[in-house]
K.L.:
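This is the structure, below, for whatever I ask next.
Along the sequence shown, the residues carry numbers beginning at 1. When a ligand or atom number is given, it counts from 1 through the structure's own listing order.
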Amino acid sequence: MTYSHSHLLGIEPLAPPDITAILDLADQYADLNRRDVKHSDALAGLTQINMFFENSTRTQASFELAGKRLGADVMSMAMQASSIKKGETLIDTALTLNAMHPDLLVVRHPHSGAVDLLSEKVNCAVLNAGDGRHEHPTQALLDALTIRRAKGRLHRLNIAICGDIAHSRVARSNIMLLGKMENRVRLIGPPTLMPSGIADFGVEVFEDMQEGLKDVDVVMMLRLQRERMDGGFIPSEREYYHRYGLDAEKLSHAKDDAIVMHPGPMNRGVEIDGELADDINRSVIQQQVEMGVAVRMAAMDLLARNLLARRQAQTGVMV
Ligand code: NCD
């Protein structure tokens with residue numbers, strides 16, 4: 001099975017075999033990452049540039065580590081959000097970087113669609129590390145790998161995504177991926193945090209946690225994305241925690257072996273109880289971080305193979 005695309009801009013353009021190809025290779029990289037010597041030469045000689053126009057801890061660190069473990073020359077540029085002057089500046093930056101001949105460009109940007117635009121202007125493989133409230137494909141892929149390893153399959157599961165759906169690129173990418181792999185997705189949250197027209201995505205929408213969590217296999221909690229809110233979407237954090245914060249009592253409505261997920265950064269006592277987040281019998285939050293490195297290694301490896309094959313076809317010369 002192969003991954004046939006030039007970029008990884010979102011889950012939307014992917015077919016189930018593309019997703020499976022990434023997850024299968026990521027499983028192998030997860031094994032490599034548990035060894036003492038964690039090194040492969042899959043990206044040796046290639047240059048990876050990380051451009052994060054928005055803050056990130058996990059995603060940036062894991063893309064950097066992924067590139068280094070595969071032998072790439074990795075450079076991370078700290079782009080301040082304040083330096084973005086929209087459109088032209090972004091494209092100028094892209095052209096400047098393109099002149100340095102990168103092979104892989106990893107981009108996080110606060111504007112939805114910015115990464116797609118950038119991919120049209122450069123000659124390398126582009127990976128979307130999160131664009132506005134649009135997509136965060138590697139997060140959905142690492143979530144999928146975590147689920148597949150915990151549950152032994154990635155189809156016909158009942159999965160609840162809870163909280164601030166409206167502002168979440170993680171939710172959008174996950175809804176698409178889990179739907180493509182034939183799972184039943186439920187969204188749970190207050191109506192103010194539900195995007196309009198969401199039922200068209202083939203999901204079930206619930207306002208009540210107890211009802212929505214009934215018999216689910218997976219509970220995915222989301223952070224309140226305050227930086228994307230311009231007004232009062234919730235009465236108060238205390239009230240929100242009372243109604244939507246995941247604790248042992250609310251989780252008791254899910255299946256007995258249901259797993260708890262969170263993409264991080266986590267706000268303990270707002271969307272999730274701190275003790276539950278640390279409960280290794282239920283929470284797979286640390287596994288998600290571990291799978292993040294493996295999935296990013298797999299995605300960059302597959303994209304680099306396609307890039308080198310394309311270049312070879314263009315020039316007729318081995319590269
Ligand atoms: C998410 C993001 O940045 O979209 N975090 C992440 O990548 N792990 C979710 C969030 O910020 O809440």
K.L.:
With side-chain contact (heavy atoms from CB on, under 4.5 Å) as the test, would you mind laying out the steps for L187 and I175 before giving the verdict?
P.N.:
CA-CA 9 Å; L187 306 179; I175 291 167; 3.8 Å; yes
K.L.:
Please round to the nearest 0.5 Å and tell me the distance separating atom CZ of R169 and atom CG of L222.
P.N.:
12.0 Å
K.L.:
Can you list every pair where an N/O of ligand 1 is under 3.5 Å from an N/O on the protein?
P.N.:
residue  : atom   : partner : partner atom : Å
ligand 1 : 3 (O)  : R108    : NH1          : 3.3
ligand 1 : 3 (O)  : R108    : NH2          : 3.2
ligand 1 : 3 (O)  : R169    : NH2          : 2.9
ligand 1 : 4 (O)  : R169    : NE           : 2.7
ligand 1 : 4 (O)  : R169    : NH2          : 3.3
ligand 1 : 5 (N)  : G264    : O            : 2.9
ligand 1 : 7 (O)  : T59     : OG1          : 3.0
ligand 1 : 7 (O)  : R108    : NH2          : 3.1
ligand 1 : 7 (O)  : H136    : NE2          : 2.7
ligand 1 : 8 (N)  : Q139    : OE1          : 3.4
ligand 1 : 8 (N)  : P263    : O            : 3.0
ligand 1 : 8 (N)  : G264    : O            : 3.2
ligand 1 : 11 (O) : R223    : NE           : 3.4
ligand 1 : 11 (O) : R223    : NH2          : 2.9
ligand 1 : 12 (O) : R223    : NE           : 2.6
ligand 1 : 12 (O) : R223    : NH2          : 3.3
ligand 1 : 12 (O) : Q225    : NE2          : 2.7

K.L.:
Test: salt bridge (charged side-chain N to carboxylate O under 4.0 Å, His left out). Region: residues 266-287. Which pairs qualify, not counting sequence neighbours?
P.N.:
R268-D278
K.L.:
Would you list the pairs meeting side-chain hydrogen bond (donor to acceptor under 3.5 Å, both in side chains) in which at least one residue belongs to residues 286-309, sequence neighbours left out?
P.N.:
Y29-D301, R34-E290, S62-R296, T138-R296, D143-Q288, D301-R305
K.L.:
Show every ring-ring contact (aromatic ring centres under 6.0 Å, His included) that has at least one partner inside residues 174-206, sequence neighbours left out.
P.N.:
none
K.L.:
Can T47 and L104 be said to form a side-chain contact (heavy atoms from CB on, under 4.5 Å), step by step?
P.N.:
CA-CA 6 Å; T47 300; L104 295 151; over 6 Å; no
